[in-house]
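Right, one structure below, let's go through it.
Treat the numbers as computed from the prediction; the structure is a model and nothing was measured. In the text below, chain A, chain B and the rest are named by the order of the sequence lines, each starting its count at 1.
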Protein chains: 2
Amino acid sequence: MSDAEQTRQKILDITADEIHHHGFQSTSLSTILNRCGISKGALYYHFSNKLELGYAVFEEVYVPMFLATWQPALSQDDPIEGLCDFFTNMCETMVCSEAVCGCPLNNLCEEMANVDEGFRLRILTMQQKLNGLIVDALSTIEHDLRPNLQLDHVAYFIVASFNGATSLSKSSRNKEIFQYVIDELCGYIRNLKK
Amino acid sequence: MSDAEQTRQKILDITADEIHHHGFQSTSLSTILNRCGISKGALYYHFSNKLELGYAVFEEVYVPMFLATWQPALSQDDPIEGLCDFFTNMCETMVCSEAVCGCPLNNLCEEMANVDEGFRLRILTMQQKLNGLIVDALSTIEHDLRPNLQLDHVAYFIVASFNGATSLSKSSRNKEIFQYVIDELCGYIRNLKK
DNA sequence: CTTGCAACAAACCGAGCGGTTGGTTATTAT
DNA sequence: ATAATAACCAACCGCTCGGTTTGTTGCAAG
C-alpha cells in the first residue's frame, strides 16, 4: 500500500472510530488530525469536505463491517439458530464500553437521517439490504416456519428490536438490559418455527 | 398566569419543539429567541444556561407528556389490548412528519446519554418508571398470561421494539415500516396470553 | 415621589468550528 | 538537470455558538 493510501486509510479508520464514539456532527476535524498526526491540508487532499469524509467512512468502513458482522449468522443452515447464536454471543463478548456506543448504523440513522439526505439514502440502502438478507435467510427454511408469516415484516421487527436493545442500554451504562431484550428477541425468533 | 410565567412556559414549549426536531446539541439559542420573540437576556433570566434549560424541558414538558401518552393505555382493564390499541392508533393518527421526528425520549437517549450525565440519569429514571408501569399493568392480568414470563424483560422488549420502530422509520421517511414493526409487536404482545 | 427589584433588551466576547490559501517536500518523468 | 505532480504542512479566515455584561423598562411598596 502506498503512503497516500495508508494515510487515507488511517483517516478513514480513525474517523470511523470518532464517529462511533461521538456521532458525526460532534466529531471534530482537529481531533481526527491530532490522532492521525497529520495536518488539515493532508485531510483535504484526500477528502473534499467533512461530509464526503463521512460518506467515505460509511461506505468503506461501516458497510463492509456491517455485512461481515451479520452475514455469517444468516448463512447458517438454520438461520434461526444462527441469529440467536449471533445475538447471544454478542451479549457475552460485548464489554460495557461497546454497549454504550451502540450500533454505528443505528447511531447514524438517529443522528443524520433527518439532517442530511446523502446520509439518509445510504442508511436506507444498507437497512434494506440487511432486511433482504434476513428475508432471504428465513426463506430458505420457510417450510419449517409458521404459515402466513410476512417475512419482511418479521425482518424489520428483528432489526428494530435489536436497535432498540442498543438504545436502551445506553442510558443504563451496562449490558444487563441489552441481554434481557436479546433473550426475549431470541424467544420471538425461535417462535417463528412451527 | 403572570407575564414571567408565560414567558418561561413559552421558552419551554418552543425549546421542546426545537429539541424534538433537531436534537439538543443542534438546537440553537438564537433560534429559540427568534421564535419566542425575546432577547437573550430574557432567556438567561429564567434559565442559568442551555443545559439547565434542557433539563427543565425534559422534566416539565417531556416527562408529563410521556406519562400522559402511555398511562391511559396501561390503565385499561386489559393492558394487552390497551397497548395494542395504543400502538395501532398511533400508527393511524401519525403523520409522516411526526414519524420522522421519533420519540423525544428515545432521541435524547441516543444523543445525550453518552454526552451528559445529567441527561443520562433523567432518561434512565424515566425509562425505569415506564418499565415499572408496564410491569405493573401486566401483573394485574398475570393469571391470563403464559407462565414463567419475566415481566420486566418483556416490558423492556416492548419498549425496545417500539423505539426501534421509530428509528427505522426515520431513514425511509414514511410510516410503512413503523406499521410493519408495530403489527409484529402487537402479535408478540397478544402472544403473551395463554 | 422615589426607591428597588422583577423582567427583560441589546451589544459584545472568546472559543471552536469547517474550510481556504499559499507554500514545502519528495518522488517521478523527461 | 529540470520540470511536474503527488502528498502534505501551517497559518489564517469567516462564521456561529453559548455565555456575559451593561443598560432599560414597568410596576409595586414605602
* When you look at B/Arg120 and B/Glu117, which way does the salt bridge (Lys or Arg N to Asp or Glu O under 4.0 Å) test go after all the steps? -> CA-CA 5 Å; B/Arg120 201 201 114 222; B/Glu117 193 70 1; 2.4 Å; yes
* To do: Mark up nucleotides 14-29 of chain D, 5' to 3', with B wherever a protein heavy atom is under 4.0 angstrom from a base atom, S wherever such an atom reaches only the sugar-phosphate, and - elsewhere.
  => ---SBBB---------
* Which is it for A/Glu81 and A/Lys193 under the salt bridge (Lys or Arg N to Asp or Glu O under 4.0 Å) test, yes or no, and what are the steps along the way? -> CA-CA 11 Å; A/Glu81 287 308 313; A/Lys193 285 192 179 180; 5.1 Å; no
* Side chain proximity check, A/Glu18 to A/His21, heavy atoms < 4.5 angstrom -> no
* Are the side chains of B/Gln127 and B/Val159 in touch, meaning some heavy atoms are under 4.5 Å apart? -> no
Distance, rounded to the nearest Å, where [X] contributes [atom1] and [N] contributes [atom2]:
X       : N      : atom1 : atom2 : result
B/Arg8  : C/dC8  : CZ    : C1'   : 16 Å
A/Phe47 : D/dA7  : CZ    : P     : 13 Å
B/Leu33 : C/dC8  : CG    : C1'   : 12 Å
A/His22 : C/dG16 : NE2   : C1'   : 16 Å
A/Ile38 : C/dT25 : CD1   : P     : 19 Å

* Structure fact -> The correct set of residues in residues 110-121 of chain A placing a heavy atom under 4.0 Å from DNA chain D is none
With a 4.0 Å limit, can you tell me whether [X] has a side-chain N or O closer than that to the phosphate oxygens OP1/OP2 of [N]?
X       : N     : answer
B/Tyr45 : C/dA7 : yes
A/Thr7  : D/dC8 : yes
A/His46 : D/dA6 : no

* Asked: Does the cation-pi check pass for A/Lys50 over A/Phe24, that is, NZ or CZ under 6.0 Å from the six-membered ring centre and within 45° of its axis?
  -> yes
* How would you label the contact of A/Leu43 with the nucleic acid (heavy atoms, under 4.0 Å): base, sugar-phosphate, or nothing? -> nothing
* What do the steps show when you test A/Asn174 against A/Ser169 for side-chain hydrogen bond (donor to acceptor under 3.5 Å, both in side chains), and what is the final call? -> CA-CA 6 Å; A/Asn174 66 54; A/Ser169 55; over 6 Å; no
* **Check: A/Phe119 ring centre within less than 6.0 Å of A/Tyr55 ring centre** => yes
* To do: Measure the acute angle between the ring planes of A/Trp70 and A/Phe66, then classify it against the limits of 30° and 60° as parallel, tilted or perpendicular.
  => tilted
* Could you check whether the rings of A/Phe157 and B/Tyr188 sit parallel, tilted or perpendicular, using 30° and 60° as the cut-offs? => tilted
